[in-house]
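These notes are about the structure you will find just below.
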Amino acid sequence: MDYGIHLNITHLPPTWERDLDALVEAGVTSAKIYTTYRDTIFYADDWTWYQLMQRSGRAGLLVQVHAENDAIVEGMARLLMDEGKTSLRYHGAARPGVAEAEAVARGLLFSRVTGSPVYFVHLSTPMAVDLVAEARRCGVRAIAETCPHYLLLDDSRYAEPDAARYLMTPPLRDARSQAQLWERVQRGDVQSIGSDHCGFSLADREGIDDFTRVSPGIPGVETSLLLLYSFGVLANRLTLPDLIRLLSANPARIFGLWPRKGDLAPGFDADILIFDPRPQRVLSAAELHSRAGFSPYEGLTVTGRVSTTIVRGQVVYQNGKVVGKPDFGRFQASEPFDPAAARL
Ligand SMILES: [Zn+2]
């Protein structure tokens with residue numbers, strides 16, 4: 001497959017302004033900020049984030065935000081730990097929705113005062129999506145992304161013995177929030193659906209029944225289309241064009257790959273996926289190719305199957321097998337972020 005790169009920015013060294021220009025020039029035009037994980041290499045403090053956004057818009061860089069208020073997440077985790085509630089069933093309780101909404105509100109304010117656009121990755125709550133939608137109506141250039149797991153799974157999974165299959169951040173929310181998130185997707189308040197794919201295996205989590213000691217992340221890139229077709233299109237929540245906009249066209253526009261990726265039209269790469277909408281089956285990890293070796297969706301009844309994937313005119317996947325040659329995938333330099341292309 002072809003690929004692009006998002007940077008993770010954690011601090012700004014003295015040469016950062018020149019570095020930023022060089023980065024955009026090299027075709028890396030989006031960078032992620034983590035508002036949580038303070039004690040790790042991922043975290044960026046508010047000063048770093050705010051300073052970056054003072055320049056990112058003009059430099060053509062889109063700032064992506066993992067939005068969870070670190071103090072709230074830390075405080076809640078400590079409270080649970082003091083009560084001896086450290087098993088995986090408390091993973092969701094340790095990261096309440098208010099933490100996400102607060103960090104989104106902060107990012108929207110930074111966007112408003114700096115004029116730089118902002119993209120919120122993997123939003124899990126209707127509250128956070130509503131904040132973005134309200135800000136957009138006031139002219140703030142903000143984009144909301146969610147993921148299939150927030151639309152298809154809910155936090156009752158954490159009470160199950162196999163809670164290790166559902167550990168991601170932000171965590172799954174309750175069934176009511178899930179229904180409300182679907183409503184927001186349906187009315188167009190979500191512009192993009194990502195997978196937030198991680199290839200961690202269950203073996204990495206074996207015997208660790210402690211939410212403070214597990215690296216979060218679930219596999220999902222291979223099942224995104226299948227699940228959104230089965231539970232979005234066939235459930236009359238989305239049309240097929242909606243689905244393609246959310247999974248393909250909008251991300252290509254937002255991340256500077258349009259008009260090369262994201263559509264079937266003259267001048268675009270011949271990236272084509274042939275989808276058979278008929279076969280129905282119970283989803284099994286055995287049919288998937290991720291090194292994770294499991295799927296949080298195992299056991300769901302799904303409809304449809306990707307029969308062929310073509311990249312730049314070459315068949316790379318057919319009838320359940322990867323047939324592309326190693327090294328075929330090419331780095332795709334992204335154009336500088338363009339609010340018009342992103343329809344902001
Ligand atoms: Zn993240």
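Here, residue 1 is the first one in the sequence, and each next residue gets the next number. Every number for a ligand or one of its atoms is a count from 1 in the order of the listing.
- Remark: F294 engages no residue in a ring-ring contact (aromatic ring centres under 6.0 Å, His included) (not counting sequence neighbours).
- Within a 6.0 Å sphere centred on CZ of R281, heavy atoms belonging to other residues, nucleotides or ligands number more than 12.
- Neighbours of the Zn ion (ligand 1) restricted to protein N, O or S atoms under 2.8 Å: the count is 3.
- Surrounding CZ of R291 are at most 12 heavy atoms belonging to other residues, nucleotides or ligands under 6.0 Å away.
- Residue L61 comes nearest to A31 through the heavy atom pair CD2-CB, 4.0 Å, listed as atom of the first residue, atom of the second, then distance.
- Screening residues 72-86 for salt bridge (Lys or Arg N to Asp or Glu O under 4.0 Å), with sequence neighbours left out, gives E83-K85.
- Annotation: ring-ring contact (aromatic ring centres under 6.0 Å, His included) contacts of F120 (sequence neighbours excluded): none.
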